[in-house]
Amino acid sequence: MNNDASKLLAEQLRQLVQTIQASGRAILPSSNDELLQTIVEAAARLFGAAAASIALVDEKNQTLEFRVAYGAGRAEIVGMQLPVDQGIAGYVAMTGQPLAISNVQQDPRFARDAAKKTGYVPRSILATPLLWRDRVIGVMEVLDKIAAPAFGMQDMELLALFARQAAIAIDQSQQFERLSDALVRGIKTLASADPSMSAGEIFAALERTGDASDVIELAARFYAIAALGDAERAMATRMLEAFAEYARAKKVTSGG
Amino acid sequence: MAGDAALPAWSNQFAADARRELSALGPIGALTREWAWGNGTGKGVRVAVVDSGIEADHPAVGGMVSGGVVVEFDARYKTQVRIFDDAAPRDPFGHGTACAGIIHARAPEAELYSVRVLGKDLTGRAMQFAGGLRWAIEQRMHVVNLSLSTSKRDYYGLFHELADDAYFKNVVLVSAVNNISEPSYPSLYSSVVSVAAHTEQDPLTFYYNPAPPVEFGAPGIDVRVPWRDKSYIISTGNSFAAPHIAGLVALIRGKHPELTPFQIKTVLFACASNVTRDV
């Protein structure tokens, strides 16, 4: 690709991102965990909780993995995996129903396990499912209500509403990450890009690959890379070319 | 309206300042709690708890667990579930034991049946739930406590069919309303007794809501309930309101085995704490 084409591409990407921003669509944080961390801290503050955590469901392994946490026990709980057939988080993941418990130390197994694993045994827990299109994708917990001995029914209702918004953001972020992963994998297996390809062709090829919103998000991501500098822009351009080539090849082999 | 502000939508109608005072007229107004369940123990009544199982040796169920099954998802079967006898019912979570304990406290001689529909597998949960409910109906349980629900619209028809089947087979389904503000099945069907939590602690205080689908309010906030490993915890949720009503239904059925599901609903209405009776 010549220099003019690169400039054209950068300009088109810039325009696309401006369009996205003008439409009010939020650009997701670059990392899924960064997004989760933002959510969990917001939940703790909104619900007056001393601690909070998010565990995501791994359907293949039937486990819940604590991805982010806030407050007491944070360092210990992050990365912890639990089978879905156990515990309060497991029950919530299984049933899709929130659960509030206030003297949770009375559950001897819970108290023992929590003390052993995190050194922190909360008094009260409110756990709610992260639901996305009828699927439980995770569980959000807020622990130890600061101003009261227990979380109430209204906390339960509001945390569920909050969790719904969080689940939408998490799902979008996960999809985006999956898309990026697939793209990187595709690039690794592809032959070198066609140097004669223009930016217009790349966009045309991208548009043929499916859902336009994904393309816009891809463009936004690549624009963010390109904005880092010349070397990054060249890399982003090469990646786009490779993807376009891949998409074109796929289209040819599928007979389209 | 300060009371309303502290309650979620599903419990709002049971707040002191929102509750409607009602009257039971004619012969229905002559029904009393004494007639309905006075001196009742639930003897001869079989109650299924479709949930996470029941810890059979928990003191809170008084040795009244008379049997049980485990329902597992298996896509190879027509019903997509396999059902095993559970000789020594247990409860890995504690939730089913909590429900069973509430029922037992009300109806100490009712036989409890553990229908464990939550297991290791996240897929097929709705089918396990449906399979457990179907089993309870086929066994002609007198009362089935459902502190579980599904929000999946895909299962609307399946659970509706089961609810109708239960009604025609004289099985009373008592269903907790979803704790999330969205529709859930089977609590929305007219043939089931749907229950949400109110703020009061007295186990015998329950209200009738003349503007369903949530028909009854019972204690479900900061309730002390039995939990796994012979423990007790304090918990909150509509899950714990339903078994309060299931326990009363067990008492009524024990004393008046001739009553059908819709007649039992009428008795519950007439005996509700916000209904004025003639006597």
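All values derive from a computational prediction rather than experimental measurement. Below, read A as the first sequence line, B as the second, and so on, with proteins coming before strands; counting in each chain starts at 1.
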Worksheet item: Would you call A:Val136 and B:Arg125 a side-chain contact if the rule is heavy atoms closer than 4.5 Å?
Response: yes
Item to complete: Can you tell which part of B:Asn238 gets under 4.5 Å to a heavy atom of chain A, answering side chain, backbone, both or neither?
Response: both
Worksheet item: Do A:Asp155 and B:Thr236 come within less than 4.5 Å of each other through their side chains, counting heavy atoms only?
Response: no
Item to complete: Pick whichever of B:Arg153, B:Lys230, B:Glu182 has the most heavy-atom pairs under 4.5 Å with chain A.
Response: B:Glu182
Practice prompt. Find out whether B:Leu148 and A:Gln97 are in side-chain contact, i.e. whether some heavy atom of one side chain is under 4.5 Å from a heavy atom of the other.
Written response: no
Worksheet item: Who wins among B:Asn179, B:Val117, B:Asp51 for the most heavy-atom pairs under 4.5 Å with chain A?
Response: B:Asn179
Worksheet entry | Under 4.5 Å from any heavy atom of chain B - which part of A:Pro98 | both
Worksheet entry | Region of B:Thr199 in contact with chain A, defined by heavy-atom distances below 4.5 Å | neither
Worksheet item: Around B:Arg82, counting heavy atoms of other residues, nucleotides and ligands shown, do more than 12 lie under 6.0 Å from its CZ?
Response: yes
Worksheet item: Do you know the tightest heavy-atom contact between B:Phe93 and A:Met94?
Response: CZ-CG, 4.1 Å
Worksheet item: Given that the side chain runs from C-beta out, which part of A:Arg164 has a heavy atom under 4.5 Å from chain B: side chain, backbone, both or neither?
Response: side chain
Worksheet item: Which bit of B:Phe240 is near chain A, if near means a heavy-atom gap under 4.5 Å: side chain, backbone, both or neither?
Response: side chain
Worksheet item: More than 12 heavy atoms of other residues, nucleotides or ligands under 6.0 Å from CD of A:Gln81: is that the case?
Response: yes
Discussion item. Is the shortest side-chain heavy-atom distance between B:Ile234 and A:Pro149 below 4.5 Å?
Written reply: no
Fill in: Largest heavy-atom contact set with chain A, pairs under 4.5 Å, which of B:Ile180, B:Asp222, B:Val225
B:Ile180
Fill in: Which atoms of B:Asp154 approach chain A - backbone, side chain, both or neither, heavy atom under 4.5 Å
neither
Worksheet item: Do side-chain atoms of B:Ser235 reach the backbone of A:Ala100 as a donor and acceptor pair under 3.5 angstrom?
Response: yes
Worksheet item: Pick one: which of A:Val104, A:Ile101, A:Ile88 meets side chain to side chain contact (heavy atoms under 4.5 Å, CB included) with B:Ile233?
Response: A:Ile101
Worksheet item: Side-chain contact, heavy-atom cut-off 4.5 Å: A:Asn103 with B:Arg224?
Response: no
Worksheet item: Hey, does B:His95 have a side-chain heavy atom less than 4.5 Å from the side chain of A:Tyr91?
Response: yes
Practice prompt. Could you check which of A:Ala150, A:Gly87, A:Pro129 has the highest count of heavy-atom pairs closer than 4.5 Å to chain B?
Written response: A:Gly87
Practice prompt. Identify which part of A:Leu158 has an atom lying under 4.5 Å from any heavy atom of chain B, answering side chain, backbone, both or neither.
Written response: neither
Worksheet item: Which atoms form the tightest heavy-atom contact between B:Ser11 and A:Met153, and what is the distance?
Response: OG-CE, 3.8 Å
Fill in: Winner by heavy-atom pair count (cut-off under 4.5 Å) against chain B, out of A:Met156, A:Gln105, A:Arg135
A:Met156
Discussion item. Within the 3.5 Å criterion, strictly below it, is a donor on A:Glu157 or B:Ser181 matched to an acceptor on the partner's side chain?
Written reply: yes
Discussion item. Determine whether A:Asp85 and B:Leu118 satisfy the following criterion, side-chain contact (heavy atoms from CB on, under 4.5 Å), listing intermediate values before the conclusion.
Written reply: CA-CA 8 Å; A:Asp85 63 343; B:Leu118 302 174; over 6 Å; no
Discussion item. Counting heavy-atom pairs closer than 4.5 Å to chain B, which one of A:Gly152, A:Gly96, A:Ala93 comes out on top?
Written reply: A:Ala93
Discussion item. So B:Asp229 and A:Pro108, do their side chains get closer than 4.5 Å, heavy atoms only?
Written reply: yes
